[in-house]
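Source: prediction; values computed, not measured.
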Amino acid sequence: MKNRILDHLGLKILSLVIAIVVWIVVANVDDYKTTKQISEIEIEFVNGDAITEKNKVYEIPKGTTIDIVVKGKRSIVEKLTNEDFKAVADLSKMSVTNAVAIHVSPVSSYIAKDLTISYVEDAIVIAVEDKMKKQLPISVRANSEVAEGYAIRTKSATPNLITVEGAESVVNMIEEVVVDVDVKNADHSLTSYAIPVFLDKNGEIIDAAKFEYDVKEVEVFVEILKTKKLSVKVKTSGDPKEGYAIAGIDYQPTSVLVVGEADDLAKVEELLIDDIDVTDCSKDLETSVVLANYLPDGITLAENTEEVMVKVIVEEVKESVLGMDADEINIVGKEEGYNYVFKDESKYSLKVRGLKADLEALKVTNLIPSIDVTGYGPGIYTFTVNLREIKGIQILEEIKVELEIVQAE
């Protein structure tokens, strides 16, 4: 038996070695090395405080994933997914160009020794900026209309200031902070709560996730009261330069809408502006008047109009001579049995002064010239012609007439 086992021992050993070699070759051929691209491995950013401690902020770009190529045995590689790897970017090791190297390693140490990893891109550039803090007022914005006959007098926010902190470029974009309140058909004051909205210079909303702010909710009070339309009246004070006069006053608006408590509104019917000073003016005067200065206590404007634009037209006074016929003079107080005859010429001259437009419009009939002969008997008398006063017209000389009263035959 022993001899049988030992027979051809060398051949048997050789056969065993050949079998082992064949098995190894076959195994290697079946489990050959291969490569595979693994995509979209999410990057973990660590040690961000290395940037924030320098009073700076950073922003991770969108799509912060990395793609790699792995090489190893087919039996291992073909089963790998992006969940089998972790990618880390250490922000404390950021370069002067703000580039951060990315290190990718297998989650399992078992497969790490059998894989070779190469990168499509092995670094990422981080946006880094100075941190900025800014305090801004909060304004209230009504996004609807109150009931007819009512208006908003005041709007207030509590708190009325908000502190924003973030990247300098982003914070500087904020032009206004508003809170919106719904006042649709409201006929009384109301209180509500609203979330701040951040707007740029174009009125577009800025994503609040891009920065930090200390006020998350604002209490809003809107005072809603009755309205009333008041006519606007404008008067002047003082006198223009000698030889000049006021030809007219133009102003806009001629009425304004005001808001207030019902009792206060009942006390006022017009808004009088009576202190437009034209002292020594020899040309047109243009000025603006702040309406709020003329409103009584308890009354405020209910619209955006804040000023009245006033133009006082000042013109040089002219002189003119107006012809008057004797038959245009009314004789008052005549008695039956007498005849009344003017002894002078049948036409008289009346010297007057006024603005050009007033003089052009002036007629003798407007002055209603007359003499009063009540109680006068026969004889020759001198009378001063009575003339009606007309605003803007100055009579420079009196007209005297001789009238003879005779007994009728």
**Student:** Checking Phe45 against Tyr58 for the ring-ring contact (aromatic ring centres under 6.0 Å, His included) test, could you report, in this order, the C-alpha distance in whole Å, the side-chain angles of both residues, the deciding distance, and whether it holds?
**Tutor:** CA-CA 11 Å; Phe45 293 86; Tyr58 64 91; 7.7 Å; no
**Student:** Heavy-atom count check: over 12 atoms from other residues, nucleotides or ligands less than 6.0 Å from Asn304 CG?
**Tutor:**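 Not more than 12 within 6.0 Å, no.
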**Student:** With ring centroids as reference points, do Phe383 and Tyr376 lie under 6.0 angstrom apart?
**Tutor:**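 Judged by ring-centre distance (under 6.0 Å), Phe383 and Tyr376 do meet the cut-off.
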**Student:** Check whether Asn143 reaches the backbone of Asp180 with its side chain - one donor and one acceptor, N or O, closer than 3.5 Å.
**Tutor:**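 Answer holds: no.
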**Student:** Is it the case that more than 12 heavy atoms not belonging to Glu242 sit under 6.0 Å from its CD atom?
**Tutor:**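 Count not over threshold, so no.
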**Student:** Check Val232 against Val256 and note the closest heavy-atom contact, atom names and distance.
**Tutor:**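 Distance-wise, the nearest heavy atoms are CG2-CG1, 4.1 Å.
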**Student:** Between Lys226 and Glu261, does any side-chain N to carboxylate O distance fall below 4.0 Å?
**Tutor:**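 No salt bridge links Lys226 with Glu261.
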**Student:** Report yes or no: does Glu328 contribute a side-chain atom to a donor-acceptor pair with the main-chain N or O of Asp325 at less than 3.5 Å?
**Tutor:**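 Yes; judged by distance alone, with no hydrogens or angles, the pair exists.
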**Student:** We want to know whether Lys400 and Thr384 form a side-chain donor-acceptor pair, criterion being a heavy-atom distance below 3.5 angstrom.
**Tutor:**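 Yes - a donor-acceptor pair under 3.5 Å links their side chains.
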**Student:** Atom CD1 of Ile395 and atom CZ of Arg388: how far apart are they, to the nearest 0.5 Å?
**Tutor:**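 Reported to 0.5 Å precision, the distance equals 10.5 Å.
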**Student:** Provide the closest heavy-atom pair for Leu359 versus Gly354 in the form atom of the first, atom of the second, distance.
**Tutor:**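 Residues Leu359 and Gly354, closest heavy atoms: CD1-O, 3.4 Å.
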**Student:** Does the Asn172 side chain pair with the main chain of Ser169, one donor and one acceptor, at a distance under 3.5 Å?
**Tutor:**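 Absent.
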**Student:** Checking Asp200 side chain against Glu204 main chain: does a donor-acceptor pair fall under 3.5 Å?
**Tutor:**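 Confirmed, Asp200 side chain pairs with Glu204 backbone.
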**Student:** Among side-chain atoms of Tyr150 and Asn185, is any donor-acceptor pair under 3.5 angstrom?
**Tutor:**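 Note: Tyr150 and Asn185 side chains miss the donor-acceptor criterion.
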**Student:** Using only atom types and a distance under 3.5 Å, with no angle test, would you say the side chain of Asn330 pairs donor to acceptor with the backbone of Pro369?
**Tutor:**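 Yes; at least one donor-acceptor contact below 3.5 Å.
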**Student:** State, yes or no, whether a side-chain contact exists between Ile380 and Leu403 at a heavy-atom distance under 4.5 Å.
**Tutor:**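 Ile380 vs Leu403: side chains apart.
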**Student:** Does atom NZ (Lys311) have a neighbourhood of more than 12 heavy atoms from anything else shown, all under 6.0 Å?
**Tutor:**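 Result for NZ/Lys311: open.
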**Student:** Assess whether side-chain contact (heavy atoms from CB on, under 4.5 Å) is satisfied between Glu44 and Val46, documenting all intermediate values.
**Tutor:** CA-CA 6 Å; Glu44 178 186 2; Val46 298; 3.8 Å; yes
**Student:** Tell me if a side-chain donor or acceptor on Tyr381 pairs with a main-chain N or O of Ile405 at a distance below 3.5 Å.
**Tutor:**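 Not at all, since once roles are kept as given, no pair shorter than 3.5 Å links the two residues.
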**Student:** Using the side-chain contact (heavy atoms from CB on, under 4.5 Å) definition, which of the options Val70, Ile76, Ile117, Leu80 pairs with Pro106?
**Tutor:**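 Answer after filtering Val70, Ile76, Ile117, Leu80: Ile117.
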**Student:** Sequence neighbours left out, what passes side-chain contact (heavy atoms from CB on, under 4.5 Å) with Glu145? Give chain and number order.
**Tutor:**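 Applying side-chain contact (heavy atoms from CB on, under 4.5 Å) to Glu145 gives none.
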**Student:** Give the intermediate values and the outcome of salt bridge (Lys or Arg N to Asp or Glu O under 4.0 Å) for residues Lys241 and Asp280.
**Tutor:** CA-CA 4 Å; Lys241 186 177 179 179; Asp280 291 332; over 6 Å; no
**Student:** Are any of the side-chain heavy atoms of Glu315 and Leu355 separated by less than 4.5 Å?
**Tutor:**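 The answer is yes, as the side chains (C-beta and beyond) meet within the 4.5 Å cut-off.
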**Student:** Please check: side-chain N/O of Lys56 versus main-chain N/O of Glu53, any donor-acceptor pairing under 3.5 Å?
**Tutor:**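 Looks like no, no N/O pair under 3.5 Å.
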**Student:** Judged by atom type as modelled, is there a donor-acceptor pair below 3.5 Å linking the side chain of Glu303 to the main-chain atoms of Leu257?
**Tutor:**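 Present.
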**Student:** Is it the case that Ser144 and Asp182 place a side-chain donor and acceptor less than 3.5 Å from each other?
**Tutor:**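 Note: Ser144 and Asp182 side chains meet the donor-acceptor criterion.
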**Student:** With side chains defined as the heavy atoms from C-beta onward, is the minimum distance between Val321 and Leu350 less than 4.5 Å?
**Tutor:**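 The answer is no; the side chains never approach within 4.5 Å.
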**Student:** Hey, are the side chains of Val289 and Tyr294 touching, using non-hydrogen atoms and a 4.5 Å cut-off?
**Tutor:**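 When only atoms from C-beta onward are counted, Tyr294 and Val289 do touch, with a gap below 4.5 Å.
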**Student:** A quick test of your reading: do over 12 heavy atoms of other residues, nucleotides or ligands sit less than 6.0 Å from NZ of Lys134?
**Tutor:**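 Yes.
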**Student:** Hey, could you give me the OG/CD1 distance between Ser189 and Ile224, rounded to the nearest 0.5 Å?
**Tutor:**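 Taking OG in Ser189 and CD1 in Ile224, the distance rounds to 6.0 Å.
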**Student:** Run the numbers on Ile102 and Glu121 for side-chain contact (heavy atoms from CB on, under 4.5 Å), then give the verdict.
**Tutor:** CA-CA 9 Å; Ile102 305 170; Glu121 289 185 11; over 6 Å; no
**Student:** To the closest 0.5 Å, what do you measure between CG (Leu225) and CG (Leu265)?
**Tutor:**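 Leu225 CG to Leu265 CG: 8.0 Å, rounded to 0.5 Å.
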**Student:** With salt bridge (Lys or Arg N to Asp or Glu O under 4.0 Å) as the criterion, how do Asp114 and Lys73 come out once you've worked through the C-alpha distance, each side chain's angles and the decisive distance to 0.1 Å?
**Tutor:** CA-CA 7 Å; Asp114 293 324; Lys73 292 182 178 181; 5.4 Å; no
**Student:** Any non-hydrogen side-chain atom of Thr158 less than 4.5 Å from a side-chain atom of Val218?
**Tutor:**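 Answer no - side chains too far apart.
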**Student:** Donor-acceptor pair, Asp284 side chain versus Val314 backbone, under 3.5 Å?
**Tutor:**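 Yes.
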**Student:** So do the side chains of Tyr348 and Val401 get within less than 4.5 Å of each other, counting heavy atoms only?
**Tutor:**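 Yes, at least one pair of side-chain atoms sits under 4.5 Å.
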**Student:** Which is it for Ser139 and Glu176 under the side-chain hydrogen bond (donor to acceptor under 3.5 Å, both in side chains) test, yes or no, and what are the steps along the way?
**Tutor:** CA-CA 8 Å; Ser139 57; Glu176 187 181 11; 3.2 Å; yes
**Student:** Are there over 12 heavy-atom neighbours, none belonging to Glu319, within less than 6.0 Å of that residue's CD?
**Tutor:**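 Yes.
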**Student:** Ignoring hydrogens and geometry, is there a side-chain-to-backbone donor-acceptor pair from Lys86 to Glu83 under 3.5 Å?
**Tutor:**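 Not confirmed, Lys86 side chain does not pair with Glu83 backbone.
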**Student:** If we ignore angles and hydrogens, is there a donor and acceptor under 3.5 Å between the side chains of Glu78 and Thr34?
**Tutor:**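 Checked: Glu78/Thr34 side chains show no N/O donor-acceptor pair below 3.5 Å.
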**Student:** Determine whether Ile68 and Ile41 make a side-chain contact, defined as any pair of heavy atoms from C-beta on separated by less than 4.5 Å.
**Tutor:**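 Yes, at least one pair of side-chain atoms sits under 4.5 Å.
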**Student:** Side-chain donor-acceptor pair under 3.5 Å between Glu223 and Thr154, yes or no?
**Tutor:**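 Note: Glu223 and Thr154 side chains meet the donor-acceptor criterion.
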**Student:** For a 4.5 angstrom cut-off between non-hydrogen side-chain atoms, does Lys334 reach Tyr340?
**Tutor:**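 They are in side-chain contact.
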**Student:** Given Lys210 and Glu59, is the salt bridge (Lys or Arg N to Asp or Glu O under 4.0 Å) satisfied, shown in steps?
**Tutor:** CA-CA 9 Å; Lys210 293 183 177 180; Glu59 183 177 357; over 6 Å; no
**Student:** Can you tell me if CD on Glu398 sees more than 12 non-hydrogen neighbours from other groups inside 6.0 Å?
**Tutor:**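 Atom CD in Glu398 is not crowded, with 12 or fewer foreign heavy atoms closer than 6.0 Å.
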**Student:** Please lay out, stage by stage, how Val364 and Leu322 fare under the test side-chain contact (heavy atoms from CB on, under 4.5 Å).
**Tutor:** CA-CA 7 Å; Val364 171; Leu322 190 67; 3.8 Å; yes
**Student:** Could you walk me through whether Val181 and Val140 satisfy the side-chain contact (heavy atoms from CB on, under 4.5 Å) test, starting with their C-alpha distance in whole Å, then the side-chain angles of each, then the deciding distance to 0.1 Å, before giving a yes or no?
**Tutor:** CA-CA 7 Å; Val181 59; Val140 179; 3.8 Å; yes
**Student:** Kindly compute the distance separating CG (Asp67) from CD1 (Ile38), expressed to the nearest 0.5 Å.
**Tutor:**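 Going from CG on Asp67 over to CD1 on Ile38, the span is 9.5 Å.
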